[in-house]
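Everything numeric in this text was worked out from a predicted model, so none of it was measured.
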Amino acid sequence: MHTPGTDRSDELQQRIQEAVAQRRRLYLRGGGSKAFHVGPEEAEPLELGEHRGIVAYEPTELVVTARAGTSLAELEAVLAEQGQILPFEPPHFQGGATIGGTVASGFSGPRRFALGTVRDAVLGVECINGRGQRLRFGGVVMKNVAGYDLARLLVGSFGNLACLLEISVKVLPAPEQEQTRLFELDYAAGLELIQRLTAEAVPVSASAYLDGCLHLRLSGPARVVAAAGERIGGELAADGAVFWRELRDQTLPFFRDPRPLWRLSLPPQTMLPELPGAALSECGGQLVWLHDDGALQRLLPPLAAVGGHARLFRAGSGAAVSSAAPPPALAALLQRVKQSFDPNGIFTPTRRYGAI
């Protein structure tokens, strides 16, 4: 199965080869939905939006291959016709998101709590490196392979290493039913409830704690979800689907705060001792969104103590943000990877907001 589209592979490769020969720098642009995160660019844009279309899709194999400029909306509509979904529930933000931009950014949505991130779903990619060479990594089967997983190395690279052409990702059957349960309780009690329900194999597919309320989404067969909802109690949300979509795309009122937005990541089985008022917690406490810079400074010591880190995700109005330098050992490794993929620096080191 495939959908009509346009294959711009040869044209894109020629553009990159010309840039290599002329020592011109390029930056990759799909739908532009993540421009707020990467910041402005001064290089020449290489537009990928017209390189689109589903190349191969066999629902029984649970794999879809699409060109990088294919919109998430188009891809998800095709999957929905077959009762399937992208397991990492990628954010659309302002609606122009593409599968290439999703993989290049590594952004995943609320369902990563149960089904993993975009990196877990990527099976293979075709790309053009900074030498103008077309390369293919990985495949279209879900199996373990020996050696380096270079396809997943490109996840989260933000177009700094190669231009994605095609991506193969695994898909899953859509849940038969979903419902959202609400619990008014403090943060620590909410995390304890999530841990207990997870240990008891209750089908929780997403969690979020905001303004003293814990939101839990249950997903699965109708009978299982109904029984689980009755068992765990709480209030049944009438607009649960809307809440998770607005959380995914960051359109909840929480995200309209004009102050800088920080993303705090914690390792599994860890938690912050407290949650400031201007914060939203996802994924059982392993992901925290925070607006309050003062609270961030208070949280940095306990965050570092458990091996977590903070990254500025969205700058505030008029804020000038520069990327934080990685530790020397990591910086050296990143430089070697960059040198291997893009020795002439054709793909700009897209400005991403810094980590602490």
Side-chain angles (χ1 to χ4, degrees), residues 1-3 5 30-31 48 51-92 97-127 135-158 161-162 164-178 198 201 203-206 217 219-221 224 244-245 248 268 282-283 286-287:
M1 179 186 301
H2 66 277
T3 62
L48 300 175
H51 180 66
R52 52 177 295 275
I54 295 176
V55 177
Y57 174 41
E58 178 49 60
T60 60
E61 297 295 331
L62 298 178
V63 176
V64 63
T65 300
R67 297 188 183 100
T70 308
S71 72
L72 290 180
E74 175 186 347
L75 181 56
E76 290 176 339
V78 171
L79 295 178
E81 291 176 357
Q82 301 298 320
Q84 296 181 344
I85 59 171
L86 293 171
F88 46 93
E89 197 173 7
H92 293 220
T98 63
I99 186 62
T102 296
V103 171
S105 68
F107 294 160
S108 305
R111 208 178 298 276
R112 62 185 175 270
F113 175 76
L115 300 181
T117 66
V118 58
R119 179 172 280 109
D120 300 312
V122 170
L123 300 174
V125 302
E126 183 181 5
C127 64
L135 307 172
R136 185 179 291 274
F137 304 121
V140 293
V141 293
M142 291 176 281
K143 64 179 181 180
N144 294 324
V145 296
Y148 296 106
D149 194 342
L150 294 181
R152 294 184 181 184
L153 176 65
L154 296 178
V155 178
S157 65
F158 282 87
L161 301 177
L164 291 170
L165 293 177
E166 291 182 6
I167 304 104
S168 297
V169 297
K170 65 181 179 182
V171 300
L172 291 175
E176 182 180 333
Q177 187 178 93
E178 293 188 318
T198 302
V204 178
S205 64
R217 183 174 64 189
S219 304
V224 173
W244 297 110
R245 183 173 64 251
R248 180 198 72 183
E282 286 190 73
C283 295
Q286 293 174 31
L287 175 60

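In this structure L135 satisfies the side-chain contact (heavy atoms from CB on, under 4.5 Å) test together with C127, N129, Q133, F137, sequence neighbours excluded. Residues passing the side-chain contact (heavy atoms from CB on, under 4.5 Å) test with P203, sequence neighbours excluded: V224, A228. Residues meeting the side chain to side chain donor-acceptor pair (under 3.5 Å) test with Q84, sequence neighbours left out: Y57. Partners of R119 under the side chain to side chain donor-acceptor pair (under 3.5 Å) rule, at least two apart in sequence or in another chain, do not exist in this structure. Under the salt bridge (charged side-chain N to carboxylate O under 4.0 Å, His left out) criterion, R248 pairs with no residue, sequence neighbours left out. Evaluation of the side chain to side chain donor-acceptor pair (under 3.5 Å) rule for R217 yields E89, S205 as partners, not counting sequence neighbours.
Of the inter-residue distances, the one linking H51 atom NE2 with L165 atom CG reads 4.5 Å to the nearest 0.5 angstrom. Once rounded to the nearest 0.5 Å, the distance linking OG of S157 with CG of L164 reads 6.5 Å. Interatomic distance, OG1 of T65 versus CD of E126, reported as 10.5 Å (0.5 Å rounding). Here CD of Q177 is found 9.5 Å from OG of S219. Values are rounded to the nearest 0.5 Å. Atoms CG and CZ, on L75 and R52 in that order, are 11.0 Å from each other to the nearest 0.5 Å.
Under the 4.5 Å side-chain criterion, counting only non-hydrogen atoms from C-beta, P175 is in contact with I85. Between K170 and L123, the closest side-chain pair of non-hydrogen atoms falls below 4.5 Å. Using a 4.5 Å cut-off on side-chain heavy atoms (C-beta onward), V169 and P87 make no contact. Looking only at side-chain heavy atoms (C-beta outward), V118 and V122 come within less than 4.5 Å of each other. In this structure the side chain of L154 never reaches within 4.5 angstrom of the side chain of V103, judged on heavy atoms. Here the side chains of Q82 and V171 are not in contact, with every heavy-atom distance at 4.5 Å or above. Two residues are said to be in side-chain contact when any heavy atoms from C-beta on lie closer than 4.5 Å; I167 and T102 fail this criterion. Counting heavy atoms from C-beta outward, P110 and E282 have side chains that approach closer than 4.5 Å.
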Item to complete: Under the side chain to side chain contact (heavy atoms under 4.5 Å, CB included) rule, what do L72 and L86 come out as? Steps first, then yes or no, please.
Response: CA-CA 9 Å; L72 290 180; L86 293 171; 4.2 Å; yes

Item to complete: Step by step, work out the side chain to side chain contact (heavy atoms under 4.5 Å, CB included) result for V204 and F113.
Response: CA-CA 8 Å; V204 178; F113 175 76; 3.7 Å; yes

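Looking at T98, its side chain never comes within 3.5 Å of a backbone N or O of T70 through a donor-acceptor pair.
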